[in-house]
Novice: 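Before I ask anything, here is the structure I am working with.
Values in this document were obtained by computation on a predicted structure and should not be read as measured data. Every chain is numbered from 1 and lettered A, B, ... according to where its sequence line falls, protein lines coming before strand lines.
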Amino acid sequence: MNAAGSDRRNGSQLVAETLHAEMDRDPSVIVLGEDVAELGGVFGATRRLRRTYGDERVLDTPISETAFVGAAIGAAQAGLRPVVELMFVDFLGVCFDQIMNQMAKARYMSGGAVTAPLVLRSAVGCIGAAAQHSQVLSATFAHIPGLKVAFPASPGDLRGLLLTAIRDDDPVIFLEHKWLLKTRVAELPFCEDLSEPADAVPFGELRRLRDGGDVTIVAAGFMVQLALTAAEALEAEGIRAGVVDVRTLVPLDREGLVREAAAADALLVVDDDYADYGMCGEVIATVAEALGRGAPRLARHALDVPIPANRALEEAVVPSAASIAAAARGLVSASAAQVPA
Amino acid sequence: MNAAGSDRRNGSQLVAETLHAEMDRDPSVIVLGEDVAELGGVFGATRRLRRTYGDERVLDTPISETAFVGAAIGAAQAGLRPVVELMFVDFLGVCFDQIMNQMAKARYMSGGAVTAPLVLRSAVGCIGAAAQHSQVLSATFAHIPGLKVAFPASPGDLRGLLLTAIRDDDPVIFLEHKWLLKTRVAELPFCEDLSEPADAVPFGELRRLRDGGDVTIVAAGFMVQLALTAAEALEAEGIRAGVVDVRTLVPLDREGLVREAAAADALLVVDDDYADYGMCGEVIATVAEALGRGAPRLARHALDVPIPANRALEEAVVPSAASIAAAARGLVSASAAQVPA
Amino acid sequence: MTAIDLADAYRTMAVYRRFEEAVGAAVVTGEVHGEMHLGIGQEAIAVALRAMLEPTDAVVSTHRPHLHALALGVDPVALLAELLERSGLSGGKGGHMHLFSRDPQFMCTGIVGASAPLACGDALAQQRRDPGRVTVAVAGDGSMNQGAVFESMNLAALWRLPVVFLCEDNGYGISVRRDVATAGQLADRGTPFGIPGHACDGTDPEAVYAALGPAFERARSGDGPSVVVATCYRFRGHYEGDADTYRPKGEKDDWMSAPRDPLSRLRARLEAAGVPVVELDAADAAAEAEVAGWLEAARSVPFPDVDRVRDDVYAAPGARQGVRA
Amino acid sequence: MTAIDLADAYRTMAVYRRFEEAVGAAVVTGEVHGEMHLGIGQEAIAVALRAMLEPTDAVVSTHRPHLHALALGVDPVALLAELLERSGLSGGKGGHMHLFSRDPQFMCTGIVGASAPLACGDALAQQRRDPGRVTVAVAGDGSMNQGAVFESMNLAALWRLPVVFLCEDNGYGISVRRDVATAGQLADRGTPFGIPGHACDGTDPEAVYAALGPAFERARSGDGPSVVVATCYRFRGHYEGDADTYRPKGEKDDWMSAPRDPLSRLRARLEAAGVPVVELDAADAAAEAEVAGWLEAARSVPFPDVDRVRDDVYAAPGARQGVRA
Ligand SMILES: Cc1ncc(C[n+]2csc(CCOP(=O)(O)OP(=O)(O)O)c2C)c(N)n1
Ligand SMILES: Cc1ncc(C[n+]2csc(CCOP(=O)(O)OP(=O)(O)O)c2C)c(N)n1
Ligand SMILES: [Mg+2]
Ligand SMILES: [Mg+2]
């Protein structure tokens with residue numbers, strides 16, 4: 001399923017190329033954040049932008065997330081289209097007011113008079129840096145009306161959803177999974193054909209990446225890649241697992257989810273964000289509300305503790321291809337009506 | 001169902017009395033926050049505490065939520081039991097890092113060596129102050145492992161859950177609904193007998209406040225009171241609606257929810273927090289995962305936009321007894337299997 | 001910089017006072033059902049700000065924003081209509097703490113300290129496009145202790161943003177006295193960043209104007225931000241309905257006495273300078289009439305359409321799914 | 001205040017250097033799989049801190065915390081074991097950026113600026129219980145621009161908290177140079193709050209000791225907080241593995257040259273003062289051996305029990321429901 005051929009780029013390069021193209025297209029696009037200019041981003045996702053667009057459009061900021069995320073909002077309201085980087089999503093806590101009370105609500109509170117067309121890019125997921133540098137927190141954003149939340153699962157979507165995000169007139173939270181930024185596209189379980197220039201990918205339309213039968217795995221971000229690997233392994237055991245990529249948590253393609261669920265015997269939602277009060281619940285509830293007794297068996301597999309430092313501990317709690325396969329296997333073999341004691 | 005007789009106290013007085021009693025019992029309890037000392041709290045929930053316990057134990061803070069919430073955590077780790085007030089929950093955004101990355105994770109990150117036994121009290125809900133002063137945001141906390149989240153629905157629980165919160169060795173978010181703080185206990189649809197001193201109410205045990213039959217309404221905080229009024233109205237129409245009070249979002253009484261759902265024809269989750277990626281999804285998913293095809297019809301009724309300023313607009317989006325009744329009615333009359341077009 | 005015209009200032013302050021009184025009355029009639037923070041007692045700051053502002057400048061204000069909006073030249077009827085929960089500036093969705101205008105460019109926020117970053121962003125966008133333009137970030141004395149304000153000062157200093165940090169120091173953040181919440185002098189808050197600070201008597205329009213002068217000049221000439229702290233007193237409770245038991249009676253009486261009340265003080269001064277009493281009375285009457293006219297006009301602005309309550313969350317309606325059930 | 005014993009300082013700095021080198025090597029061997037920030041080049045600050053600290057004092061550090069933990073007297077084997085992802089200080093759950101010790105009281109956080117509020121709370125709790133005790137809040141130069149730090153300074157000044165705000169100014173926050181991110185002088189950051197500031201050469205233990213002296217004295221005698229800024233250079237990349245292309249080679253060579261390297265500089269000074277070379281060599285050898293011993297001991301600490309990975313989220317295991325399915 002990988003159509004990338006021998007492409008040696010990784011996700012961060014694709015992000016940088018997309019930003020480059022958009023800055024070229026639209027002079028109102030600016031890029032700001034910690035280490036985005038001189039360094040080109042700690043993951044390299046803003047590399048070479050300053051060289052081309054200069055200090056005026058590519059700004060290194062102090063470690064003052066409230067000030068510079070707020071400034072991005074103010075600048076957006078004044079007509080620019082800032083792409084602001086929150087280095088790791090774990091840092092949202094120091095600037096969450098600007099995100100939830102200013103960015104998300106400006107349009108509504110102004111009755112539509114004021115808009116904040118900006119993209120907040122942030123790196124998410126666990127690459128081994130413990131509890132304060134490994135989170136996903138997608139649901140923390142998705143819970144707040146007024147924000148859109150894109151969570152690309154593949155190199156093609158890194159480009160296509162980012163184009164849509166930048167051109168969107170609403171504030172968009174754009175979550176870049178660290179593994180997707182770091183992994184060479186040719187080495188991923190799934191990658192689109194990247195030989196053509198990117199097209200914008202519409203928000204709110206999920207995609208099925210693999211047909212199933214016995215179980216459908218719903219996920220977002222890098223968990224989609226792991227689900228594909230898990231599905232591969234399950235197939236060898238005779239379990240046909242489908243994989244559905246949510247793509248955007250907001251807007252959420254509820255009709256698509258219900259359609260996929262209606263066609264499945266069992267549905268497993270996988271998330272490396274926290275399990276409770278998050279995407280798992282939202283997807284499962286959406287299906288259960290709509291399908292009632294016609295719903296398939298439903299289950300979740302997600303992170304349920306802060307992320308520990310030690311590697312073995314980390315592996316025991318962060319979903320992996322193996323743990324996803326195990327969860328799917330368990331769901332398939334479980335009986336239809338399971339009431340806890 | 002109101003056993004309060006002619007009691008003229010309101011919820012804020014009960015909170016103040018409970019804090020008084022706990023400060024008396026345990027000299028390590030301190031109270032800090034904006035306007036808690038001189039004024040006794042903008043809702044009066046810390047009234048007269050400073051008079052009794054002095055400046056050393058009751059501290060007015062600057063409008064620096066990060067500093068003083070963080071200080072409460074540091075003080076808790078050093079042996080005190082702070083009760084810190086975040087005036088309105090809408091302000092969590094300016095100090096969310098201290099809550100989600102320090103408070104919630106200290107115990108885990110230290111392998112149990114360090115604890116942060118504190119209570120963060122905050123006023124929630126809409127009494128008419130638009131988008132930045134009316135939120136509930138219970139799920140924003142509940143999503144983060146390491147926090148407990150109590151959301152009392154009645155005067156008795158305001159006392160009983162607060163006692164438990166203060167004595168708990170984990171950080172507890174204690175959400176006080178403004179209507180509960182402001183309304184005289186005798187005027188509420190439901191109030192316990194308050195003549196005896198309060199007993200601690202265990203976390204993680206929901207309660208059924210009204211038996212149903214046709215539909216069970218699950219809610220937390222003041223929405224429980226409104227659900228009771230709605231149930232009353234529905235009864236006049238011949239619809240038997242039960243009401244279940246979740247009490248604590250974390251720990252969530254999942255077994256209790258499943259038990260209640262198994263006994264119901266339909267289950268409606270009501271929330272004045274945002275509808276998506278929140279308590280509605282969590283409760284519905286919990287039921288659907290456990291009961292499968294044995295689950296009742298499931299639906300939610302919750303806030304889905306930022307809160308507008310104008311009163312009529314506000315009433316059109318914030319759940320009320322009437323809107324809850326309408327939602328329950330709709331659910332009862334809906335057919336069992338409803339797939340959207 | 002020319003001097004401020006004190007007779008004009010008096011007329012305008014009289015309007016501001018009546019405006020806020022009218023809003024306060026609308027709380028009593030129930031036309032406003034939410035929290036309401038008035039600027040009565042703080043008119044001298046707004047009127048000096050008005051004298052400094054160009055129509056192309058921008059103001060980002062706080063939870064106590066009305067007079068700053070008027071000072072910038074925001075349409076008073078649209079403003080008042082919004083306050084009265086009608087389809088005013090923000091279509092009835094924003095209300096008193098969330099006023100937005102595109103031209104002139106005004107906004108505010110109910111979150112203490114949150115104006116400062118937004119103002120920096122506005123200034124950043126305008127800095128190259130429209131040099132000479134100024135963005136004013138208003139804060140109360142209590143708000144100056146919010147991390148957002150410090151971070152913004154550092155950013156504004158680094159990027160030489162044309163921002164004026166205007167602090168209305170009315171001595172209290174709700175019930176908390178300045179000295180309980182605020183270490184040191186507020187006018188020094190910018191000094192670690194190399195930002196000049198100007199303290200002034202916020203009850204005297206001339207003094208505020210004099211303090212704002214160098215700040216605006218610095219910003220307009222591209223030299224960066226300044227801090228201006230104007231000391232004043234709020235005459236009402238923190239919000240309408242506040243029992244206001246926390247401020248000593250003597251202190252209130254003193255600040256609100258004729259010699260200190262910014263309005264009566266200026267009147268006395270004008271009288272002493274030879275302005276005929278009839279002229280001042282006429283100004284008062286004109287203010288009364290003007291605000292009454294606005295009020296009548298605002299009351300004829302329609303209420304927002306409840307059917308559109310879910311619009312404006314996103315650009316396209318329905319981008320997020322509505323309430324189910 | 002007595003002078004710092006430089007021979008002792010040399011011995012200790014040699015240990016610190018070897019300690020960090022050993023941790024760096026463990027990244028290469030794969031014993032550490034996460035991000036790793038070392039304090040090589042910053043030993044003079046830690047050793048001066050060590051000389052000031054009493055065992056009952058507390059330190060709240062940052063993402064670059066090892067040397068501060070050693071300075072306070074945290075068990076080096078438990079520390080090293082934690083860094084090597086074994087059941088060390090935090091049972092393997094915290095790791096390098098989340099080190100916690102109860103006695104002596106040490107903690108740190110990976111969130112820039114977040115140490116300062118926690119330190120204030122610690123100081124608040126101890127202020128009455130144990131007067132004379134000091135809490136040190138460490139920050140980097142970049143961290144000083146975080147709102148949390150300013151808010152904490154105001155709070156500490158108001159409440160006269162026994163806090164020493166110690167800033168390790170190594171000139172960079174990751175790739176961003178101090179002058180790009182930081183307006184003004186860091187040592188002035190406390191002045192608006194009335195907090196005294198002391199700048200010093202962070203490569204010279206004696207200078208750091210002299211700057212910390214009045215700060216600790218002020219805190220111990222109940223007079224409140226101070227700011228101490230120690231200028232230094234980090235010898236490694238921001239994290240182990242950082243390509244570090246953003247710092248000019250000449251700058252690096254200069255700071256890391258023998259005359260400026262804190263360790264070789266102190267050695268030269270001791271030599272010049274007549275300390276025999278053999279003695280210094282012996283100190284080096286002893287440091288080498290000591291760290292090797294710790295390393296061996298740390299490597300025999302067991303790995304955490306994977307079955308208990310879900311413990312310690314709450315006091316009672318299972319207070320929150322685990323992964324389903
Ligand atoms: C972050 C935040 N914390 C607390 C509040 C509640 N609050 C609203 S106004 C106010 C006092 C503000 O004082 P000041 O800045 O002096 O302005 P004033 O009301 O005196 O004009 C407070 C604490 C808030 N709106 N936002
Ligand atoms: C709130 C927050 N923002 C950003 C980061 C990412 N980050 C970690 S260390 C660092 C640089 C810190 O610089 P400084 O304070 O000078 O410390 P140094 O690394 O130089 O010791 C940054 C930006 C973070 N951990 N927390
Ligand atoms: Mg004030
Ligand atoms: Mg640094």
Novice: Tell me, for C:S90 versus chain B, whether the close heavy atoms (under 4.5 Å) come from the side chain, the backbone, both or neither.
Specialist: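 No part of C:S90 comes within 4.5 Å of chain B.
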Novice: Would one find more than 12 heavy atoms of other residues, nucleotides or ligands at under 6.0 Å from atom CZ of C:R308?
Specialist: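 Open: at most 12 neighbouring heavy atoms sit under 6.0 Å from CZ of C:R308.
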Novice: Is any residue of residues 145-152 of chain C within less than 4.5 Å of chain B by heavy atoms, and which ones?
Specialist: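 Result: C:N145, C:Q146.
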Novice: For B:R57, give me all partners under salt bridge (charged side-chain N to carboxylate O under 4.0 Å, His left out), at least two apart in sequence or on another chain.
Specialist: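 For B:R57, no residue satisfies salt bridge (charged side-chain N to carboxylate O under 4.0 Å, His left out) once neighbours in sequence are set aside.
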Novice: Heavy-atom distances under 4.5 Å only: say whether B:T66 touches chain C with side chain, backbone, both or neither.
Specialist: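 Interface part for B:T66: neither.
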Novice: Under a 3.5 Å threshold, yes or no: a donor from one side chain and an acceptor from the other, between C:T109 and C:H98?
Specialist: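 No donor-acceptor contact under 3.5 Å links the two side chains.
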Novice: Identify which of B:V305, B:L313, B:T61, B:L39 forms the greatest number of heavy-atom pairs closer than 4.5 Å to chain C.
Specialist: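 Looking at each of B:V305, B:L313, B:T61, B:L39 in turn, B:L313 comes out on top.
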Novice: Quick check for you: among C:G95, C:A183, C:G113, C:G142, which has the greatest number of heavy-atom pairs under 4.5 Å with chain B?
Specialist: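 If we count pairs closer than 4.5 Å to chain B, C:G142 comes out on top.
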Novice: Which one of B:E315, B:R329, B:H133, B:E38 has the most heavy-atom pairs closer than 4.5 Å to chain C?
Specialist: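 The answer is B:H133.
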Novice: Report which part of C:V306 has an atom under 4.5 Å of a heavy atom belonging to chain B: side chain, backbone, both, or neither.
Specialist: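 Looking at C:V306, backbone and side chain both touch chain B.
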Novice: Given that the side chain runs from C-beta out, which part of C:D312 has a heavy atom under 4.5 Å from chain B: side chain, backbone, both or neither?
Specialist: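 Neither part, no heavy atoms under 4.5 Å.
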Novice: Quick check on B:K182: does its NZ atom have over 12 non-hydrogen neighbours (other residues, nucleotides or ligands) under 6.0 Å away?
Specialist: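 No, because the 6.0 Å sphere around NZ of B:K182 holds 12 heavy atoms or fewer from other groups.
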Novice: So do B:D60 and C:V180 actually touch side chain to side chain, heavy atoms under 4.5 Å?
Specialist: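 The answer is yes, as the side chains (C-beta and beyond) meet within the 4.5 Å cut-off.
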Novice: Most heavy-atom pairs under 4.5 angstrom with chain B, which of C:I111, C:V112, C:T182?
Specialist: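 Going by pairs under 4.5 Å, I would pick C:I111.
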Novice: Check whether B:D273 reaches the backbone of B:L137 with its side chain - one donor and one acceptor, N or O, closer than 3.5 Å.
Specialist: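 It does hold such a pair.
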Novice: Might you confirm whether atom CD of C:E296 has over 12 heavy atoms from other residues, nucleotides or ligands at distances under 6.0 Å?
Specialist: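 Not more than 12 within 6.0 Å, no.
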Novice: Which residues, numbered in order, of residues 89-98 of chain B come under 4.5 angstrom of chain C by heavy-atom distance?
Specialist: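 The list, in residue order, reads B:D90, B:F91, B:V94.
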Novice: Tell me whether the NZ or CZ atom of C:R247 lies within the 45° cone about the ring axis of C:Y233 and under 6.0 Å from its centre.
Specialist: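 Pair C:R247/C:Y233 counts as cation-pi.
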Novice: Just wondering, do B:E314 and C:E85 contact through their side chains at under 4.5 Å, heavy atoms?
Specialist: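 Of all side-chain heavy-atom pairs linking B:E314 with C:E85, none is under 4.5 Å.
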Novice: Under a plain distance cut-off of 3.5 Å, with no hydrogens placed, do B:N10 and B:T183 share a side-chain donor-acceptor pair?
Specialist: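 Checked: B:T183/B:N10 side chains show no N/O donor-acceptor pair below 3.5 Å.
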Novice: Is the terminal nitrogen or CZ of C:R86 (NZ for Lys, CZ for Arg) located under 6.0 angstrom from the six-membered ring centre of C:F303 and within 45° of that ring's axis?
Specialist: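 So C:R86 does make the cation-pi contact.
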Novice: Please identify each residue that fulfils salt bridge (charged side-chain N to carboxylate O under 4.0 Å, His left out) with C:E168, with sequence neighbours left out.
Specialist: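 Per chain and number, C:E168 pairs via salt bridge (charged side-chain N to carboxylate O under 4.0 Å, His left out) with no residue.
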Novice: Measuring centre to centre across the rings, with the benzene-like ring taken for any Trp, is C:H96 within less than 6.0 Å of C:H66?
Specialist: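 Distance test on ring centres: under 6.0 Å, yes.
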Novice: With a distance cut-off below 6.0 Å to the six-membered ring centre and an angular limit of 45° from the axis, does C:K93 pair with C:F100 as a cation-pi contact?
Specialist: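 Relative to the ring axis of C:F100, which defines the angle, C:K93 lies outside at least one limit.
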Novice: Top residue by heavy-atom pair count (under 4.5 Å) with chain B, among C:G92, C:A243, C:G94, C:S143?
Specialist: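 Of the candidates given, the most pairs with chain B belong to C:G92.
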